[in-house]
Amino acid sequence: MSKDTFYLTTPIYYVNDVPHIGHAYTTVAADFLARYHRLRGERVHFLTGTDEHGEKVALAAAAAGLEPQAWADHVVPRWKEVWERLEISYDDFIRTTEERHTAPVQKLAQQLYDQGDVYLGEYEGPYCVACESFYQPSEIVDGLCPIHETPVVMLKEHNYFFRLSAYQDRLIELYETQPDFVAPESRRNEVLAFVRAGLQDLSMSRTSFGWGVPIPWDPAHVMYVWVDALQNYITAVGFGSDQERFERTWPADYHIIGKDILRQHAVIWPALLMAAGLPLPRHVFAHGYLTVGGKKMSKTNLTGISPHTLLDEFGSDGYRYHFLRDGTFGQDGAFSYEAMLARYNADLANDLGNLVSRTLAMVTSYFDGVVPVPGEATEAEVLLGQKAAEAAAGLDRGVEALDPAGALEAVMSLARATNLYINEAAPWKLAKDPSPEARQRLATVLYSATEAIRQLSVLFSPAMPAASRRIRAQLGLPGVETRPLPVALAWGDLAAGTKVERGEAVFPRLEAQG
RNA sequence: GGCGGCGUAGCUCAGUGGUAGAGCAAGCGGCUCAUAAUCGCUGUGUCGGCGGUUCGAAUCCGCCCGCCGCUACCA
């Protein structure tokens, strides 16, 4: 069996925290890509999940008076709940405490140990007793812990090390021969500079706490959480358990990540795979941070905004549209409520929602709610059809370039073109003209406008699945287009005689709530 | 300190050698089917500063100013 599946992943999220809009940003973007590829008729596997090992989870659990596993069980539903509200269409949700993950992880570790890629070494560094953790020498200020401002001690710990340094040349070769392995380009440059500066071996086990995957040949050690976590991308698709499934899915086409975890994905992960003798992912794409007031969003800055708050006001579509449409995916982008509200009203309520509303109002009052049989197309209809084709091409290009904003701008331009088409054809004037010619023309205009809306419902379905369903319901169409993209967009596919049902506004205008 | 990036209309940004662009916001006009909506028109910019290369630079080079990222295990 060879690879036949488009496979993309989000990071697995660390369960010491509940989701904020930064996590949701990554996940929404990945979902947009997954839905687009499904719409193209591709077999898609979209993976997300949770990372549940490590010291911080143990600490968070202890603070809550729970065992780590119980804590994780308690937090995971908080994540799934947000993904459900956001219409995240993941095909699988992996938790790193699952047997299907830990068993293959141990097996691979044993393989690396047996073949000499792992050795027992000694780690020495500044250690804060109060924190119970090691620091980097650069983090220590005047010999004091940066958090407790108390003296640190030099402590030694025996750890197992992964021979990361041995893969330095092969990693550099990877970045050079496959320039888009890491994207955007600025991130690739960072990674390349980092690796060229020289790699140290990676300490991959801990003995100071016990919440992790045990090292199989020395159970006093647990695995460093990143070495465990990264492997979710292969264990979730059958590595070590279902070889046929693994081969048809792996390697991943895209790992979508935030820029904070670039090194793990662009350096450690490919090195581990090289050691394991497995194929490498095709692309690692690191997007930027959302910033609030010019600062990285975080709980400590009190800038961590709950997705629920925004979902209550904007719904899944308003939420998804804003984060996909505003900003450049690879760069940091400023989040602001005002910008989100402005975008919602300008694009979704005014341009798109009102287009549906005005068109169906006319079909309802002029043709009793039945899509009329169109007459001969004029130049205006030909032009509108061209605009639809351009929107589809723009969507393709935007996805290909990992530029959701460009993709959605292209699609929205069809809504604007349709509004313009209606204004120029002025069906409300035609309706007042009793001649058969005018009636025929009116039918053509309203058919064409309705067909354009049908196309918009398809083109917007990856970004705004719920809105797409609402629009299609009003058009009297099935909620989901099941035919693949080129076919579904044949101009004139909408059947005359279809009964439309003008309903509630698809996107009601919103007033600022502060 | 080293390496890298950014600084373009009020706002968010696109634009890598050839007369400065989009969307939003603002002003004016049209239309009335529609969610005070839609459509058209309008302006605006020393393209961070200084110097250089070039017939010609926002776009290439140098210096300066400002902001940011990376400089290893913090999942």
Side-chain angles (χ1 to χ4, degrees), chain A residues 11-17 50-57 96 123 125 131 133-136 138-139 146-147 159 161-162 164 184-187 189-204 206 212 224-230 259-264 267-268 288-289 291 294 296 325-328 331-334 336 338-339 342-343 345-366 403 405-406 409 412-413 416 418-431 445-446 449 502 504-510:
Chain A
I12 49 174
Y13 299 104
Y14 206 53
V15 294
N16 68 331
D17 200 0
T50 45
D51 180 6
E52 305 187 0
H53 291 303
E55 190 172 17
K56 283 198 165 180
V57 170
T96 57
Y123 180 80
C131 296
S133 66
F134 285 95
Y135 282 92
Q136 285 304 300
S138 59
E139 293 177 303
I147 292 173
N159 293 155
F161 284 77
F162 169 63
L164 183 60
E185 193 181 355
S186 58
R187 299 295 162 206
N189 292 340
E190 277 179 21
V191 169
L192 194 50
F194 171 75
V195 176
R196 278 186 174 141
L199 292 176
Q200 299 170 19
D201 289 341
L202 177 74
S203 163
M204 62 166 278
R206 297 294 133 94
Y224 169 51
V225 66
W226 265 113
V227 172
D228 152 20
L230 287 162
K259 66 182 183 181
D260 51 328
I261 53 176
L262 176 62
R263 178 161 312 139
Q264 288 79 0
V267 181
I268 297 174
Y289 284 140
T291 60
K296 178 192 172 185
R325 174 66 186 85
D326 286 306
T328 303
Q331 297 172 221
D332 287 359
S336 87
E338 291 73 19
R343 179 63 76 183
N345 280 329
D347 286 14
L348 298 183
N350 295 353
D351 287 348
L352 179 59
N354 182 242
L355 170 65
V356 174
S357 185
R358 68 193 301 210
T359 303
L360 296 191
M362 289 188 280
V363 173
T364 300
S365 54
Y366 303 151
D403 174 19
E409 165 62 18
M412 193 56 81
S413 69
R416 299 201 183 94
T418 308
N419 275 318
L420 175 58
Y421 167 78
I422 291 172
N423 277 29
E424 295 190 336
W428 50 90
K429 286 184 183 164
L430 294 169
V445 170
L446 290 183
R502 189 186 179 212
E504 298 288 304
V506 179
F507 292 107
R509 258 189 91 81
L510 296 175

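Order of the sequence lines sets the chain letters (A, B, ...), proteins ahead of strands, with each chain counted from 1.
The CZ atom of A:R263 sits 9 Å away from the P atom of B:C70 (whole-angstrom rounding). In this structure, the CD atom of A:E409 is 12 Å from the C1' atom of B:U12, given to the nearest Å. Here B:G23 presents its P atom at 18 Å from CG of A:N345, a figure rounded to the nearest Å. Atom P of nucleotide B:U71 and atom CD of A:E190 are separated by 8 Å, given to the nearest angstrom. Summarising the geometry, the separation between CG on A:N189 and P on B:U71 is reported as 15 Å, rounded to the nearest angstrom. In this structure, A:L360 places its CG atom 11 Å from C1' of B:C33, rounding to the nearest Å. Going from atom CG of A:L348 over to atom P of B:U38 covers 12 Å, rounded to whole Å. The separation between A:L262 atom CG and B:A72 atom P is 14 Å, rounded to whole Å.
Side-chain atoms of A:R358 and A:N423, non-hydrogen and from C-beta on, do get closer than 4.5 Å to each other. Looking only at side-chain heavy atoms (C-beta outward), A:V445 and A:Y421 come within less than 4.5 Å of each other. Proximity of A:S357 to A:V506: side-chain heavy atoms (C-beta onward) are nowhere separated by under 4.5 Å. In this structure the side chain of A:F507 reaches within 4.5 angstrom of the side chain of A:L352, judged on heavy atoms. Side-chain atoms of A:R263 and A:V195, non-hydrogen and from C-beta on, never get closer than 4.5 Å to each other. Two residues are said to be in side-chain contact when any heavy atoms from C-beta on lie closer than 4.5 Å; A:D51 and A:V57 fail this criterion. Between A:M412 and A:L348 there is a side-chain heavy-atom pair separated by less than 4.5 Å. No side-chain heavy atom of A:Q200 sits less than 4.5 Å from a side-chain heavy atom of A:S203.
In this structure B:G66 sits in a base pair with B:C6, meeting the Watson-Crick or G-U test at under 3.5 Å. Pairing partner, B:U46: none, since no Watson-Crick or wobble contact has both distances short of 3.5 Å. Both distances falling under 3.5 Å, in either a Watson-Crick or a G-U wobble arrangement, occur for no nucleotide opposite B:C74. Across all strands shown, B:C11 is found opposite B:G23 as a Watson-Crick or G-U wobble partner, with both distances under 3.5 Å. Pairing partner, B:C60: B:G52, with both Watson-Crick or wobble hydrogen-bond distances short of 3.5 Å.
Contacts between residues 349-358 of chain A and RNA chain B, counted as heavy-atom distances below 4.0 Å, involve A:A349, A:N350, A:D351, A:G353, A:N354, A:S357, A:R358.
Nucleotides of RNA chain B nearest to A:R206 and A:T359 differ in position, and the one nearer the 5' end is that of A:T359. Position along RNA chain B of the nearest nucleotide to A:G54 versus A:N423 favours A:N423 as the more 5'-ward residue.
Comparing B:C31, B:C39, B:G69 by their closest approach to the side chain of A:L420 singles out B:C39. With distances taken from any side-chain atom of A:R187 to the nucleotides B:U32, B:G69, B:U35, the minimum falls on B:G69. Here the side chain of A:F194 is nearest to one of B:U32, B:A72, B:C39, namely B:A72. With B:G69, B:C33, B:U38 as the candidates, the nucleotide lying closest to the side chain of A:M362 is B:C33. Which of B:U35, B:C70, B:U38 sits closest to the side chain of A:N419 comes down to B:U38.
At the heavy-atom level, A:I268 lies nowhere under 4.0 Å from the strands shown. Across all strands, A:V191 comes closer than 4.0 Å to no nucleic acid atom at all (heavy-atom distances). Nucleic acid contact class of A:G212 (heavy atoms, under 4.0 Å, all strands): none. At the heavy-atom level, A:R502 lies under 4.0 Å from the strands shown only through sugar-phosphate atoms. A:Y366 comes within 4.0 angstrom of sugar-phosphate atoms only, judged by non-hydrogen atoms across all strands, and of no base.
A search for side-chain contact (heavy atoms from CB on, under 4.5 Å) contacts involving A:R509 returns A:N345, A:A349, A:N350, not counting sequence neighbours.
A gap of 11 Å separates the C1' atoms of B:C39 and B:U32, to the nearest Å. Taking the P atoms as reference points, B:C47 lies 7 Å from B:A58, given to the whole Å.
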